[in-house]
Structures are given as C-alpha cells and as structure tokens.
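Values reported hereafter were calculated over all heavy atoms of this structure, with side chains retained and with hydrogens, waters and symmetry mates removed. All values reported here derive from a predicted model rather than from experimental measurement. Position 1 is the first residue of the sequence; numbering continues from there.
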Amino acid sequence: MTQAVRHNSMRARNLGVVLGEVRRSGPVTRAALAEITGLTKTTVSKMVGDLIEAGMVTESGALRDGERGRPGTAVALSGRRVAALGLEINVDYLSACVVDLTLAVRLRYTQAVDNRTSSPVETLSHLEELAHRAVDEAHGEGLSIAGSTLAVPGPVDGGLVHAAPNLGWHDVRVSDLLDFPVEVDNEANLAALGELWFGSVPGDFLHVSGEIGVGAGLVVGGTLFRGARGLAGELGHVVVSPDGPACRCGGRGCLEQYAGQDALLRAAGLAGVPDGVSTLLAHLHAGERDSLEACERAGQALGVALTSAVHLMDPGTIVLGGVFARLFPWIRGSAHKTMTSRLGVMRRAVPELTVSRLGGDAATLGAAGQVIHRVIADPWSHL
C-alpha cells in the first residue's frame, strides 16, 4: 500500500468517526469531538472543515463543554445539501421520498396504481418517472441525492427479486431495468428500519407490515436481523390453517389469506371497491357487522401467526404497520386475546402490541434512511 493510499484510507476512517460522533452527540464542539474520538484537535479541525465544505455539517452558536473553559462553536449535522431517495413498489401504489442528512423528510409522493396488471418493465418505467420527479424537485431545493434504495414486496438476494407473488414477479434484476443506480431490499425489512430510525419504538421489536401481503422485520439491539440469505420475515406465509385457501406462494392457509388487505376486503364484502380500505374504515366507524367480523377474524389469524413468531424470536414489542395501523383499533383486541390464550402457559405476559406512527410510509422512509446511514458511516465516498 502506497503512502498516498494509506493517507486517504486514514482520512476516510477519520471522517467517518467524526461525522458519526456528530450524529450521536451533536451539537458538539471540536474540543469535545477530539476528546470523545481520541483524535488530535488538529485532525478534528481538519475533518470538520472538510465536512463543512461537503455540506454535511454546520457550525452555529457557542456551546460550553462543562463548567470550565471558554465556549466552543457548536458542530451539528446539516440538512442543507446531502439527501437520499427512498422508493417503494407495492401492489397498489408507488411511493418516493427524499430525506436529508438529519433524517428530516423533505419531499414525499404516493401514486395509486394497480401494479398487478403491469409487467416489471412497465412498473419500473412508472417508478423511474416518479423518481426523476423527486430528484428534480430535490435539486431545486439545493439538495444532492447521495443514493437511492427501493423497497419491494418480496425476498431479495443480491439485488435479485426472487419472487414477489402479489406482483407476479419472478427472478427480476431491478437494476437492469432502471436508468439510475439503486439498491433493492425487502419492503418489510426496510419498514422495520424506518420504524427504528423515524418512529418511537425501543431497539428490540418485531415490525409487521400489512399490505396486500404481510411481511415482518425483526430488530434486535438496534440492528435488523436478516437471516442467512436476507430472506427472514415472511410472516404472511406462516400457516395459520393447513386446510385453508390456496396462496400465491404455493402453500395453503397462509396468514396473508386471512389478514392481507385483499382478504380483509373480501371478508367484508368490499372486494373490487375503489379505495376499499377507506370504505372499510367508514363501515367500521358505523358499526357495520360484516366489516367488524372481518377484522375480528383477521385479528385472530394474526394472533396465531404472531404466537409462532413470539415463541421463535421473543420480541419485546410488536409494532403493527401498513393497513394494520389504520385498522389497529379493530384488530388489536382479537389479536391480543389470541396471543394471550396461546402464550399464557409459558409466559407471564405477551409482548406489547402497538401501532406504527409511520403507517404506510415506513418502508419508503427506511429505504431513504438506509442511504443516509451509509453516508454517515462513509462520508469520504460522497465528498
């Protein structure tokens, strides 16, 4: 390794150390950064200068470090220049958001569209249009997009979407069909990360994302558990009734067939109704019997699947997102009751069942947040 390469490698490491500490402790003075990181004051001053020039941090006001000594200038993350693009393809919508380095949401778009009737090429073409619109508007606000991540409703391995049954996708390499670079990840995984970074849940929880399909993401100690090949979390295909209806995954009696959005609407007699979830909510508020019973049965099925998840993974909290967040008041009771009856012998209490504050935005936010966390870990690559 040449001296120049070693120098750049050390500089890259130091930039990441300093920016990471600003994120954790900011606003913070340069003197405090030197003390916390173990770097010299001269090195910290140089790193802060580089980060200011890159638009990643800003200085403002005076901040006193403890009771003695002169106040120093406060260094904090800046949201003025660096940003990330989060994208999502789901069965009945496309969405995009732009998040800056401080994790503030700057732009957000959602486009209702039935992606079940479109080929991957058509769907990704529509996504391109939405992404370019978001990037253009971000540029108009002085933001530079550092990268993008796309959430899809199916298992992803190395950028290849192996199977997204509700979209009809099989072995689709998304990057080959888009005109901009993007990382691809599972929607439920990114929704869990969105909840971790943008929500208000402790660092150990199971996030359950209810859409047409049902997925889950497990966060342990503030880190997402992905499994051996990144395919963990397919809660929607946990069997709740072995003799139940056929599922698109090839199995029978999967949770998705009882608690997925389509299943709920069918049970409530609202299949094919435009904006069926809003109609279902109106019926629930009015006390309509079929809608109440549909949510009761969906909650019971969800409780059965969650019982298996609790036995296997022991999450501290279970967060319901997506359509489950909108229907939470009507499915929580039966889900909790089912879990209590099935877990009561082995556990003194079931995990807390709570609602996501992010709703349907969790996966898109998690997608953008993933880019931001990578920028903070490796700012050198984005200077």
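- Leu101 is not listed as a side-chain neighbour of Arg80, based on a closest heavy-atom distance of 4.5 Å or more.
- Inter-residue side-chain proximity for Arg342 and Val304 is flagged as met; some heavy-atom pair is nearer than 4.5 Å.
- From Thr149, atom OG1 reaches atom CG of Leu193 across 10.0 Å, with rounding to the nearest 0.5 Å.
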Trace of the side chain to side chain donor-acceptor pair (under 3.5 Å) decision for Ser148 with Glu183 | CA-CA 6 Å; Ser148 60; Glu183 181 171 342; over 6 Å; no

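- To the nearest 0.5 Å, atom CZ of residue Arg297 and atom OG of residue Ser334 are 10.5 Å apart.
- Side-chain heavy atoms closer than 4.5 Å link hydrophobic residues (I, L, V, M, F, W, Y) into clusters, and following such links, possibly through other members, connects Met56 to Ile52.
- Side-chain atoms of Ser118 do not come within 3.5 Å of backbone N or O of Asn115 as any donor-acceptor pair.
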Between Leu127 and Leu150, is a side-chain contact (heavy atoms from CB on, under 4.5 Å) present by the stated rule, with each step listed?
-> CA-CA 10 Å; Leu127 183 74; Leu150 168 63; 3.7 Å; yes

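- A distance below 6.0 Å separates the ring centres of His285 and Trp330.
- Ring orientation note: the planes of Trp197 and His373 are close to parallel, at an angle under 30° on the 30°/60° scale.
- Val48 places a side-chain heavy atom less than 4.5 Å from the side chain of Val44.
- Between the CG atom in Leu19 and the CH2 atom in Trp380 there is a gap of 14.5 Å [rounded to 0.5 Å].
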Stepwise ring-ring contact (aromatic ring centres under 6.0 Å, His included) check, Trp169 with His162 = CA-CA 8 Å; Trp169 288 19; His162 284 299; over 10 Å; no

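- At least one side-chain heavy atom of Arg30 sits under 4.5 Å from a side-chain heavy atom of Glu59.
- Atom CZ in Arg347 sits 8.5 Å away from atom CE in Met339 (nearest 0.5 Å).
- Expressed to the nearest 0.5 Å, how far CG of Leu270 lies from OG of Ser291 amounts to 5.0 Å.
- The line from CG of Leu353 to CG of Leu320 is 4.5 Å long, rounded to the nearest 0.5 Å.
- A chain of hydrophobic side-chain contacts below 4.5 Å, direct or via other Ile, Leu, Val, Met, Phe, Trp or Tyr residues, connects Leu235 to Leu264.
- No side-chain N or O of Gln111 forms a donor-acceptor pair with one of Ser95 less than 3.5 Å apart.
- The closest side-chain heavy-atom distance from Leu33 to Thr29 is not below 4.5 Å.
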